[in-house]
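No hydrogens, no waters, no symmetry mates; every other heavy atom, side chains included, goes into these values. Given the structure is predicted, the values throughout are model-derived calculations rather than measurements.
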Amino acid sequence: MRARGGACAEVGLGQTPVTPSWRATELPMEQTYIMIKPDGVQRGLVGEIIGRFEKRGYKLAGLKMVQPTVEHLEKHYADLSSKSFFPGLVKYMASGPVVAMVWEGKDAVKTGRVILGATNPLASAPGTIRGDFAIDVGRNVCHGSDAVESAKAEIALWFPEGLCQHTLASEKWVYE
């Protein structure tokens, strides 16, 4: 497989991946959208954050670093547009690159938010990303989808080109 224009394209024999023989039925895997905000990127936390999701057993289904436009961010945060902090949030999020990711696995949305910790880092438990790396709400390192439906909308907004479809060899060690 080789990436071309952000999407995956098959090369070689054109074989289609098959469901592993050890899995009796295909499990419905949930996807969530996680974004490392400009403060997380600038502080060099990208690898640490990716590592935490990988160590938990989630599959990385999409990844790119982007410099979002104000217009794109206004769409992403449209549900917050009536809040007084909205203009500052959009300005801050447009101030530097972000890392857009899609993580896949069982109960990915809920567990992804647990891995991130509470929106207010001071209320986040030690061991969570925000609990370990953030102090202020306005610089809380990551965004995570809050529901399956919002995850679908955010993935469509940030990955209009689609995602690579692949199977990890480690899946048999994560799921029974």
- Item | Met29 vs Tyr58 side-chain heavy atoms within contact, under 4.5 Å |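 Contact flag for Met29/Tyr58 side chains = no.
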- Are Glu48 and Arg52 ion-paired here, with the side-chain N under 4.0 Å from a carboxylate O?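 Answer for the salt bridge query: yes.
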- Message: With a 4.0 Å cut-off on N to O distance, would you call Glu154 and Lys75 a salt bridge?
- Response: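 The answer is no: the pair does not qualify as a salt bridge.
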Determine, using the 4.5 Å side-chain heavy-atom cutoff (strictly less than), whether [X] and [Y] are members of one ILVMFWY cluster.
{"X": "Leu63", "Y": "Leu163", "answer": "no"}
{"X": "Val141", "Y": "Met35", "answer": "no"}
{"X": "Leu60", "Y": "Leu168", "answer": "no"}
{"X": "Val41", "Y": "Ile34", "answer": "yes"}
{"X": "Val102", "Y": "Phe53", "answer": "no"}

Distance, nearest 0.5 Å, that separates [atom1] of [X] from [atom2] of [Y]:
{"X": "Glu171", "Y": "Lys59", "atom1": "CD", "atom2": "NZ", "value": "5.0 Å"}
{"X": "Tyr92", "Y": "Phe85", "atom1": "OH", "atom2": "CZ", "value": "14.0 Å"}
{"X": "Glu71", "Y": "His76", "atom1": "CD", "atom2": "NE2", "value": "15.0 Å"}

Taking [X] for its side chain and [Y] for its backbone only, find out whether a donor-acceptor pair lies under 3.5 Å.
{"X": "Arg43", "Y": "Phe133", "answer": "yes"}
{"X": "Ser124", "Y": "Ala118", "answer": "yes"}
{"X": "Glu30", "Y": "Val109", "answer": "yes"}
{"X": "Thr111", "Y": "Ala108", "answer": "no"}
{"X": "Asn140", "Y": "Pro121", "answer": "no"}
{"X": "Asp136", "Y": "Gly138", "answer": "no"}

- Message: Less than 6.0 angstrom from the centroid, inside 45 degrees of the normal: does Lys64 satisfy that with respect to the ring of Phe159?
- Response: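 Output yes; distance and angle both within limits.
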- Query: Hey, is CG on Leu122 packed in by over 12 heavy atoms from elsewhere, all under 6.0 Å?
  - Reply: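 Above 12, so yes.
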- Partner of Val99 under side-chain contact (heavy atoms from CB on, under 4.5 Å), chosen from Ile36, Val66, Leu45: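 For Val99, the side-chain contact (heavy atoms from CB on, under 4.5 Å) check succeeds only for Ile36.
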- Message: Would you say Tyr33 and Ser150 are linked by a side-chain donor-acceptor pair, where the criterion is simply a distance under 3.5 Å?
- Response: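 There is no such pair between these side chains.
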